[in-house]
Each structure stands twice: as C-alpha cells, then as structure tokens.
Amino acid sequence: WIAEADGQIQASVTLLPPMPADNNPVMNLGRNLFRPGSFEDGSAAELVNKIHEFNAEENFMQVVRVLASDAAQQALFEEHGYVCIGFQPFKHLHRSREGVLFYVRAGAKGLEQRLPMSESLPQIGELCTLSLKNCGATPPALIRDGVTGYPLKTEISFQDADLEEYDLWLLQSQSDNPPREISGSFNLGFGYMRVDSKPHIKAALGKRETKVVCGITFYYDEHDRCARIVDGFATDDLSMGAMLKPATLVAQESMNAVYVEIDILSSAPRLIKSAEQLGFAPVAYMPAFHTEDGLSTDVVKLVKLNTSYALENTSLTEKSEAIVKIVDYNFQDQKTGIAIINLLRGLPIFEGLGDGELRKIARLFTQKLFRPGEKVFKRGDSGNEAYAVMRGKIDICLEENSAPVASLSDGQIFGEQAFLDGAERVAMAVADKPSILLVMQRNAFYDVVQREPHLGMVVMRNIAMDLSNKLRRANTAIKR
C-alpha cells in the first residue's frame with residue numbers, strides 16, 4: 001500500500017495477513033516507510049486509516065515494528081490506537097543496527113480472559129502488566145506455583161536432521177500429546193524491510209537411547225545476523241530445556257549470531273524459566289498472539305544478546321519510553337558481574353548452569369582484598385563462606401607456619417566443604433601474595449536455592465562428585 005501526493009510516493013506499508021493454517025491470528029505491517037512530509041500533509045495518517053478500513057471485516061490483531069529512533073512514526077501509530085508492548089535492542093540492521101518497538105492494535109477477540117501467570121517469573125510480570133494495561137486488558141492473576149525450568153543437562157544425544165525428518169517425528173510425537181510451547185512459525189521474514197528470501201531452516205533431534213524424544217527448528221537471518229527459534233517439541237517432561245541449550249550455543253558459536261530470539265507461549269512457564277536460565281531476557285509481551293482450538297494465548301518474546309548492550313540511538317514518546325525502561329533494566333541487570341560470570345563459568349562446581357543461573361550466583365559474591373600473610377580464615381572458624389580466587393594465590397595450611405598442603409590460584413574455589421553444613425574449618429587459609437577473593441555467604445546461597453531448586457541441585461551434585469573424586473584419590477593413596 002502506498003500514499004501518493006502530487007506524483008510522489010509519500011508513505012508505504014506492506015500487509016502480511018495471517019496464513020489460513022497459521023496459529024498466529026495477527027496481521028503484520030511491514031516495510032513501513034514514511035517521508036517527513038507525509039506527517040505534515042496528512043498522507044501518513046490517511047494510509048493508516050485505509051489499513052484500518054481494509055481490516056475492518058476480519059478485525060485481526062495488528063502488529064507493526066517501529067524504529068526506536070523514529071518518534072514521529074511512534075506518535076503516528078499511537079494516535080491511531082496502537083499501543084507499545086515491547087522493545088528489542090539491536091533487532092534490525094537499517095542504516096545501522098537499531099532497536100525496534102513493537103506496537104499492536106487489538107482485534108475483536110483474545111483480550112477478555114487469560115490464564116494465571118506464575119509468580120516465579122517476575123521479569124515477565126512487569127512487562128505483562130504494562131503491556132496489557134496499554135491494551136486496555138486486565139493483567140492475569142498471579143499463582144505461587146514454584147515453577148522451575150527444565151533440566152539444561154540430561155542424558156540426550158543430539159543429531160542434525162532435515163526439515164522433512166523433523167516434521168515426521170513431530171507428527172509421530174502427537175500421540176504423546178506434547179504441549180505447544182513455542183510460537184514462531186510466523187516469524188520467517190528477513191530484515192527490517194522483510195526481504196523476500198526463503199529461510200534455510202535447520203533442524204535437530206534429541207534421542208534418549210534409541211528413541212527420539214525432542215526436536216527443534218531454527219534459522220539464521222543473514223540480513224540481521226541473528227538466529228530465530230521457529231518450533232520445538234518434546235515427548236517427555238525433561239528434554240525441552242536440554243534441546244534449547246545446544247541450539248543457543250550453535251547460534252552463538254557457529255553462526256556468530258548477534259542475538260537469538262524465541263517466542264514462547266505464556267502457558268509454558270517452564271520453558272520461559274529455562275530460557276531465563278540460559279540468559280534470555282523478555283523484550284515483548286504479545287497479547288492473544290497465538291490461537292489453537294479457538295482459544296487465544298499470549299506470547300512472550302525473549303532474546304539472548306551475544307554482544308555488549310547499551311541503550312542508544314533512541315527518540316521515544318512518553319508511552320514507548322515506559323516499556324523501554326522495563327526492557328532496559330532487564331538488560332542492564334544482565335551486565336552486572338560479567339567478569340565474575342566469566343570466572344564462574346569455568347569452575348567445575350558450577351558446571352551445567354546456564355548464563356542466567358550464573359548471573360544469580362554472581363550477585364551473591366562480594367570482593368575482598370587480602371594482603372600477603374593475611375588469614376582468610378583460621379582452623380576452627382565456622383564455615384559460613386565459600387571463596388573463589390579472582391586474582392592472587394592462597395595457601396591452605398594445617399597449622400601456623402606449617403608448609404601448605406595445597407595452594408590455590410586464579411579461578412579456583414575453596415572452603416566449599418564446610419560451607420555445605422557450616423561445620424568448623426579443619427585447616428587455615430592464608431594469602432601468599434596480594435589476592436582478590438570472591439566471597440559468598442552460606443545463607444544467601446540457600447535463599448537462592450529455595451527459589452531456584454534446579455540451580456541448587458546442580459551445584460550440590462557437582463560438590464558431591466568433587467568430594468567423591470577426592471575420597472577415591474585418598475583411598476588409592478592409602479592403599480599404596
């Protein structure tokens with residue numbers, strides 16, 4: 001659709017109506033270009049009005065992506081009943097990489113009722129409340145369900161597959177009645193201008209022993225240099241998180257994707273939690289964006305950035321700024337303790353945790369400086385703290401002035417055994433040279449474990465395996 005005045009095209013929009021078999025009942029407005037003069041002569045407003053007339057009979061939900069730097073276009077859509085429901089930084093390469101705002105204009109259905117939301121998803125809750133308020137809908141009730149994510153590490157082997165093979169296993173999985181959790185089959189456009197390019201969709205299948213139990217599809221957008229998760233399934237209650245983790249790693253390490261995005265149904269809190277554990281952050285809450293068997297479900301768009309985040313090149317209206325502040329806080333929070341997270345990622349005690357979980361652990365640590373000869377703890381002290389060496393060297397000694405029985409340097413953790421139960425220290429720790437230690441309080445750790453059982457299980461398992469290996473080595477030494 002174009003708006004023309006005096007022989008010159010002033011504005012254009014491409015309409016992408018829902019496909020008949022699509023579960024996403026939304027009409028996408030793409031390639032939205034407006035000359036500055038179109039806002040002044042009324043042609044921009046007239047074009048948007050014509051789109052509304054065209055949509056009057058079907059009354060689809062409409063969504064449009066507007067550059068965060070384009071305040072005039074934001075104001076145009078706000079004046080015509082569109083409301084901001086999300087902000088995705090670095091989404092599109094336009095003249096440069098720019099953030100995008102999601103605006104929707106509600107249709108006739110889908111906003112009346114919705115399922116309760118898990119109280120365990122606070123990052124989603126704030127974005128959900130404001131988005132639904134903007135749409136004139138009532139936020140969902142909160143339930144205290146203690147939801148946890150899927151395990152990120154299970155006994156599954158993965159293999160590449162073609163799309164036909166994936167579709168075959170997806171069809172066969174229907175006999176197990178797997179829940180629908182991902183809603184991304186509509187999101188196959190390339191770039192800000194929605195370039196007409198057929199995506200090369202990659203598929204992977206996960207096997208437990210000889211049985212296929214899960215699968216996932218995703219593709220790489222060469223225009224925006226990002227990866228998008230399209231679909232997934234699991235026939236059990238374990239495998240979806242374990243499937244998402246390697247797909248995310250492939251996108252990050254093999255494709256060099258600037259970001260990975262996934263659209264998850266709000267009715268799938270465990271997968272949302274798993275995505276958060278892997279370092280995804282919510283960027284948009286999309287009301288009634290998925291319909292199945294006549295029932296509407298909200299969709300949460302989550303993004304994992306693989307680049308340094310900074311909020312820049314924005315020119316926002318008052319209404320869009322409120323949404324941007326929520327998303328910006330989520331990403332600013334992710335920047336906290338990056339150096340600590342990088343250190344923790346290499347420690348065996350935290351093996352198997354996703355970036356989001358490591359971030360929760362990193363917040364528990366404080367830094368302390370120890371001078372040469374200064375005691376970290378003495379024999380007989382209570383074991384209320386665990387330590388990681390960020391820089392320096394720490395000697396473990398059984399007595400004053402005795403030779404060290406062990407020495408620990410950068411990236412090593414100590415004091416974790418007494419940390420488990422608060423028992424007295426059986427040795428002393430002394431700084432051999434200027435050292436920076438990361439210190440974690442036992443009570444703070446257990447508070448997190450109460451809220452994040454999967455995190456606690458992984459750490460406890462790793463500590464148990466470490467202790468088991470030490471006992472085996474000791475037994476072998478005694479036998480000799």
Side-chain angles (χ1 to χ4, degrees), residues 336-353 357-478:
T336 303
I338 290 177
I340 297 177
I341 291 171
N342 290 335
L343 174 67
L344 300 182
R345 191 181 288 116
L347 296 178
I349 190 175
F350 300 122
E351 183 183 352
L353 296 180
E357 293 173 308
L358 289 173
R359 189 168 293 109
K360 290 181 171 68
I361 293 289
R363 294 192 191 104
L364 304 180
F365 282 99
T366 56
Q367 293 186 27
K368 285 188 179 180
L369 175 64
F370 290 85
R371 296 182 295 275
E374 187 176 357
K375 292 182 178 67
V376 179
F377 54 75
K378 302 187 297 294
R379 186 171 180 172
D381 285 352
S382 60
N384 292 323
E385 297 174 328
Y387 305 85
V389 183
M390 195 168 190
R391 189 175 304 154
K393 183 182 177 185
I394 301 294
D395 289 335
I396 306 298
C397 306
L398 296 178
E399 303 289 347
E400 289 274 1
N401 302 317
S402 65
V405 295
S407 295
L408 303 124
S409 55
D410 298 8
Q412 292 185 285
I413 195 165
F414 64 98
E416 73 276 16
Q417 295 181 30
F419 176 79
L420 286 177
D421 57 6
E424 291 184 354
R425 305 287 185 185
V426 297
M428 61 189 300
V430 183
D432 179 67
K433 60 182 181 179
S435 301
I436 300 175
L437 301 186
L438 300 175
V439 185
M440 178 169 60
Q441 299 293 327
R442 181 168 169 265
N443 289 341
F445 174 73
Y446 278 109
D447 284 345
V448 170
V449 168
Q450 292 293 324
R451 298 191 300 270
E452 304 284 344
H454 174 263
L455 182 155
M457 183 201 72
V458 171
V459 173
M460 294 302 184
R461 180 200 63 196
N462 290 339
I463 291 176
M465 290 176 65
D466 180 60
L467 290 175
S468 176
N469 290 333
K470 287 176 180 175
L471 284 172
R472 285 197 183 95
R473 288 195 297 269
N475 288 336
T476 301
I478 291 171

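All figures in this text were calculated on a predicted structure; none of them were measured in a lab. All residue numbers refer to positions in the sequence shown, counting from 1.
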| request: Determine, step by step, whether Leu437 and Val389 satisfy the side-chain contact (heavy atoms from CB on, under 4.5 Å) criterion, reporting the C-alpha distance in whole Å, the side-chain angles of both residues, the deciding distance to 0.1 Å, and the verdict. | output: CA-CA 5 Å; Leu437 301 186; Val389 183; 3.9 Å; yes
Could you pull out the closest heavy-atom pair between [X] and [Y], with the gap in Å?
X	Y	answer
Val430	Met428	CG2-CE, 3.9 Å
Ser435	Gly392	OG-CA, 3.5 Å
Leu455	Lys360	CD1-CB, 4.4 Å
Val426	Leu398	O-CD2, 4.1 Å
Ala429	Ile394	CB-CG2, 3.9 Å
Glu424	Gly380	CG-O, 3.6 Å

When rounded to the nearest 0.5 angstrom, what distance separates [atom1] in [X] from [atom2] in [Y]?
X	Y	atom1	atom2	value
Leu344	Glu351	CG	CD	13.5 Å
Gln441	Thr366	CD	OG1	6.5 Å
Met457	Asn462	CE	CG	9.0 Å

| message | Is it true that, when you exclude Met460 itself, more than 12 heavy atoms of the residues, nucleotides or ligands shown sit nearer than 6.0 Å to its CE? | response |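 Counting neighbours around CE of Met460, more than 12 heavy atoms of other residues, nucleotides or ligands fall under 6.0 Å, so yes.
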| message | Is it the case that atom CZ in Arg425 sees more than 12 heavy atoms from other parts of the structure closer than 6.0 Å? | response |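 Check passes, neighbour count above 12.
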| field | Side-chain donor-acceptor contact under 3.5 Å, Arg472 with Thr476 | value |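 There is no such pair (donor and acceptor under 3.5 Å, judged by atom type) between the side chains of Arg472 and Thr476.
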| request: Could you walk me through whether Val376 and Val439 pass side-chain contact (heavy atoms from CB on, under 4.5 Å), step by step? | output: CA-CA 10 Å; Val376 179; Val439 185; over 6 Å; no
Could you tell me if the side chain of [Y] sits less than 4.5 Å from the side chain of [X], heavy atoms only?
X	Y	value
Leu364	Asp447	no
Met440	Glu385	no
Val458	Phe350	no
Gln367	Leu438	yes
Tyr387	Leu408	no

| field | Pairing residues for Ser407 by the side chain to side chain contact (heavy atoms under 4.5 Å, CB included) criterion, not counting sequence neighbours | value |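 Side chain to side chain contact (heavy atoms under 4.5 Å, CB included) check on Ser407 returns Lys393, Asp395, Pro404.
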| With Arg442 via side chain to side chain contact (heavy atoms under 4.5 Å, CB included) - residues at least two apart |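 By the side chain to side chain contact (heavy atoms under 4.5 Å, CB included) rule, Arg442 matches Asn384, Phe419, Tyr446.
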| task | Name all residues meeting the salt bridge (charged side-chain N to carboxylate O under 4.0 Å, His left out) criterion together with Arg379; count only those two or more places apart in sequence or in a different chain, and write none if there are none. | result |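 For Arg379 the salt bridge (charged side-chain N to carboxylate O under 4.0 Å, His left out) partners, ignoring immediate neighbours, are Glu399.
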| request: Just say parallel, tilted or perpendicular for the rings of Phe377 and Phe414, cut-offs at 30° and 60°. | output: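 Rings of Phe377 and Phe414: tilted, as their planes differ by 30° to 60°.
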